[in-house]
Amino acid sequence: MSWQRSGRVWQAAVLVLLLCAGTVAAQAPASGAVALPDTPAGQRMNAFLAAFNTGDTPAIRTFIAGNYAQSVLAERPVDVRLGFFVDFYADTRGFDVRRILQSDEQQIRILVQDRLVGDWLELGLQLEPEAPHGMLGLMIGQGVELPEDLRPHGKLSDADFAREMKAYVQKLAAADRFSGAVLVARNGQPVFEGAWGMASKAWNQPNRLDTKFNLGSMNKMFTAVCIAQLAEQGKLSFDDKMGKFLPDYPSADVRDKVTIHQLLTHTSGVPDYFNEEYQAGAKARFRTVQDFVDLFKDKPLLFEPGSQWRYSNGNFMLLGAILEKVTGQSYFDYVREHVYKPAGMTNTDAYEMDRVTPNLAIGYTTNCPPSAAPGERCNNLYLHVVKGGPAGGGFSTVEDLVKFAEALRANKLLSAKYTEIVTTGKVHPNPEDKEGWYAYGFQDIRENGVRVIGHGGGFAGINGNLDIYMDGSGYVVAVLANYDPPVAQRVAGKARSLLAQR
């Protein structure tokens with residue numbers, strides 16, 4: 001359950017699927033597909049596209065086995081990479097080359113459009129410097145900044161926006177690449193809304209606007225608001241050490257060095273609780289904040305507090321423990337009373353998966369047992385937590401997320417001063433991306449020159465994204481899905497690109 005800034009990402013020798021937030025709106029190119037250069041790198045990219053665009057699994061396997069460097073295949077075997085490419089083809093239906101961005105003998109970067117919905121991406125590859133010049137990896141970049149002549153022009157009306165969004169999501173849903181709900185509102189009033197797919201495939205129950213979806217890490221926003229409320233009341237300070245509130249915590253380093261600020265910004269070095277003990281344990285064991293803290297409380301710090309940024313759900317679980325200590329309430333009672341209720345969020349809570357909760361979506365993932373057929377979707381009930389908490393795993397609806405955004409922006413949950421403190425970026429998760437910040441449980445980014453805050457969430461069969469526009473336009477984009485990431489970020493990215501034309 002991690003947060004990720006939209007933007008260009010390049011990672012050599014690793015397959016990266018980043019078809020998500022920030023993708024630029026597609027438009028018909030002025031000309032057809034572009035021929036690639038007759039260089040070793042260009043030839044290899046041509047061979048990849050020829051195999052990949054068929055969607056034929058044996059052809060793709062043959063390409064991987066015959067073109068990747070042996071050292072790379074030793075790290076990730078052919079069949080591991082094959083599974084990625086099979087899913088990637090289902091997401092895109094292949095690519096058409098639109099522009100060559102960089103080319104020499106050993107590497108190439110190209111601008112492409114996918115054939116399913118016309119999203120723009122960068123593809124790149126680099127070859128080994130020595131013979132046999134095998135591929136070191138395929139790089140996939142999203143959040144593409146298009147050349148001026150390929151950018152969409154003109155202004156969209158509300159009707160145009162809704163029509164474009166509907167066509168886009170319907171194509172994804174028809175290809176079984178999206179299942180969930182979408183709500184785009186301006187000043188709390190819907191501009192576009194809809195639901196697609198099944199909340200329960202077993203019972204043939206469709207998703208609805210008021211379907212409750214698992215949030216993944218989006219709960220971190222609620223936890224951060226709770227902590228800021230306590231700071232505003234003078235019950236704690238962001239500079240306080242953790243040991244002030246949890247003096248019996250086993251690790252002296254954590255007690256004496258880690259501050260609340262560092263927990264809120266993922267700069268503490270506290271490890272995650274998604275570890276071997278969690279994986280081996282019965283998920284029904286973990287229901288309270290302390291149940292999760294017990295999974296990592298004896299683990300050492302991963303780095304000196306304040307020296308790095310590293311996403312860890314352990315940070316927010318400790319914030320939940322601090323909240324319980326300060327307030328004398330359970331985390332669940334406090335957030336229900338002080339966030340959900342004042343925001344009017346009547347369909348949001350940490351619903352337990354072994355209890356009967358009406359209109360709750362089941363998550364579906366392609367991360368299935370080996371006995372499953374290729375492309376089959378399995379439910380995720382044995383993979384994620386039975387009850388979510390301060391770090392994620394609760395449930396909400398797109399309607400409730402818009403209510404939360406409106407309450408936050410109207411300073412109903414915090415004063416204007418503390419709302420600004422919580423949502424203003426503190427650290428760069430990626431030092432090279434100066435437009436992407438992490439605040440206190442919120443992302444704070446600049447997208448098409450506009451400040452957008454919010455958070456995403458993802459796990460097997462779980463994906464969500466909330467974008468709150470802070471430019472005075474009043475827009476909020478809420479997307480929740482019960483399919484694997486990055487389906488929600490992909491839809492949110494389309495909304496971002498279209499809103500740039502408003």
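Note that the numbering runs from 1 along the sequence shown for the chain. The basis for the numbers below is simple: all heavy atoms, side chains too, and nothing from hydrogens, waters or symmetry mates. None of the values given here were measured: they were computed from a predicted structure.
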Asks: Do Ile110 and Val34 have side chains that approach each other closer than 4.5 Å (heavy atoms only, starting at C-beta)?
Replies: no
Asks: Describe, in one word, how the ring planes of Phe395 and Tyr351 are oriented to each other, choosing from parallel (under 30°), tilted (30 to 60°) and perpendicular (over 60°).
Replies: tilted
Asks: Per the side chain to side chain contact (heavy atoms under 4.5 Å, CB included) rule, which among Gln170, Arg163, Glu164 passes with Lys166?
Replies: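 That would be Gln170; it is the only one of Gln170, Arg163, Glu164 passing the side chain to side chain contact (heavy atoms under 4.5 Å, CB included) with Lys166.
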Asks: For the side chain of Lys220 and the backbone of Ala391, is there at least one donor-acceptor N/O pair under 3.5 Å apart?
Replies: yes
Asks: Looking only at side chains, do Arg502 and Tyr475 share a donor and an acceptor under 3.5 Å apart?
Replies: yes
Asks: Would you say that Leu36 contacts Ile100 through its side chain, given a criterion of any heavy-atom pair below 4.5 Å between the two side chains?
Replies: yes
Asks: Mind listing the closest non-hydrogen atom pair of Val452 and Glu447 along with its distance?
Replies: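 Looking at all heavy atoms of both residues, the closest pair is CG2-CB, 4.3 Å.
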Asks: Within the distance-only criterion (no hydrogens, no angle test), does the side chain of Gln113 pair as donor or acceptor with the backbone N or O of Val97 below 3.5 angstrom?
Replies: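 Such a contact is absent between Gln113 side chain and Val97 backbone.
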Asks: Sub-3.5 Å donor-acceptor pair from the side chain of Trp309 to the main-chain atoms of Thr265, do we have one?
Replies: yes
Asks: Kindly state each residue pair satisfying salt bridge (Lys or Arg N to Asp or Glu O under 4.0 Å) with at least one member in residues 49-68, sequence neighbours excluded.
Replies: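 Qualifying pairs, neighbours excluded: Arg61-Asp79.
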Asks: Are any of the side-chain heavy atoms of Leu49 and Leu123 separated by less than 4.5 Å?
Replies: yes
Asks: Hey, does the side chain of His455 reach the backbone of Leu466 with a donor-acceptor pair shorter than 3.5 angstrom?
Replies: no
Asks: Okay, side chain of Asn379, backbone of Gly363: is any donor-acceptor separation there less than 3.5 Å?
Replies: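 Not confirmed, Asn379 side chain does not pair with Gly363 backbone.
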Asks: Would you confirm whether Tyr68, through its side chain, and Arg81, through its main-chain N or O, come within 3.5 Å as a donor-acceptor pair?
Replies: no
Asks: CG/Leu125 to CE/Met139 distance, rounded to the nearest 0.5 angstrom?
Replies: 6.0 Å
Asks: Counting only heavy atoms not in Arg310, do more than 12 fall under 6.0 Å of its CZ?
Replies: no
Asks: Please give me the minimum heavy-atom distance between Ala51 and Ala59, naming the atom from each residue.
Replies: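 Shortest heavy-atom contact: CB-O, 3.9 Å.
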Asks: What pairs with Phe192 under ring-ring contact (aromatic ring centres under 6.0 Å, His included), at least two apart in sequence or on another chain?
Replies: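 For Phe192 there are no ring-ring contact (aromatic ring centres under 6.0 Å, His included) partners, ignoring immediate neighbours.
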Asks: Does Pro390 offer a backbone N or O that forms a donor-acceptor pair with the side chain of Thr223 under 3.5 Å?
Replies: yes
Asks: According to ring-ring contact (aromatic ring centres under 6.0 Å, His included), who are the partners of His133, at least two apart in sequence or on a separate chain?
Replies: none
Asks: What is the minimum heavy-atom distance between Leu127 and Glu105, and which atoms define it?
Replies: CD1-O, 4.1 Å
Asks: Examine distances only and state if a side-chain atom of Arg151 and a backbone atom of Leu146 form a donor-acceptor pair shorter than 3.5 Å.
Replies: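 Here the side-chain-to-backbone pair exists.
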Asks: What heavy-atom pair brings Ala361 and Asn482 nearest, and what distance separates the two atoms?
Replies: CB-ND2, 4.1 Å
Asks: For the residue pair Phe95 and Phe48, is the inter-centroid distance of their aromatic rings smaller than 6.0 Å?
Replies: no
Asks: Can you give me the closest heavy-atom contact between Asn219 and Gly393, atom names plus distance?
Replies: OD1-N, 3.3 Å
Asks: To the nearest 0.5 angstrom, please state how far the CG atom of Asp91 sits from the CG atom of Leu116.
Replies: 8.0 Å
Asks: Less than 4.5 Å apart, side chain to side chain, heavy atoms only: is that true for Pro147 and Leu111?
Replies: yes
Asks: Indicate, with yes or no, if the rings of Phe63 and Phe52 have centres closer together than 6.0 Å.
Replies: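 Not under 6.0 Å, so no.
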Asks: With a 4.5 Å cut-off on side-chain heavy atoms, are Glu128 and Leu136 touching?
Replies: yes
Asks: Are the side chain of Ser312 and the backbone of Val270 linked by a donor-acceptor contact shorter than 3.5 Å?
Replies: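 Answer holds: yes.
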Asks: Considering non-hydrogen atoms only, spot the tightest contact between Val402 and Ala478 and give its length.
Replies: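 Val402 and Ala478 have their closest heavy atoms at CG2-CB, 4.2 Å.
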Asks: Where the side chain of Asn463 meets the backbone of Val487, is there a donor-acceptor pair that is under 3.5 Å apart?
Replies: yes
Asks: If we only count heavy atoms from C-beta on, is the Thr57 to Leu82 side-chain gap below 4.5 Å?
Replies: yes
Asks: Give, for atom CZ of Arg377 and atom CG of Asp176, the distance between the pair rounded to the nearest 0.5 Å.
Replies: 4.5 Å
Asks: Looking only at side-chain N and O atoms, does Asn380 offer a donor or acceptor that is under 3.5 Å from a partner on Thr365?
Replies: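 Absent: no donor and acceptor within the cut-off.
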Asks: Do the ring planes of Tyr311 and Tyr438 sit parallel (below 30°), tilted (30 to 60°) or perpendicular (above 60°)?
Replies: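 Ring orientation of Tyr311 relative to Tyr438: perpendicular.
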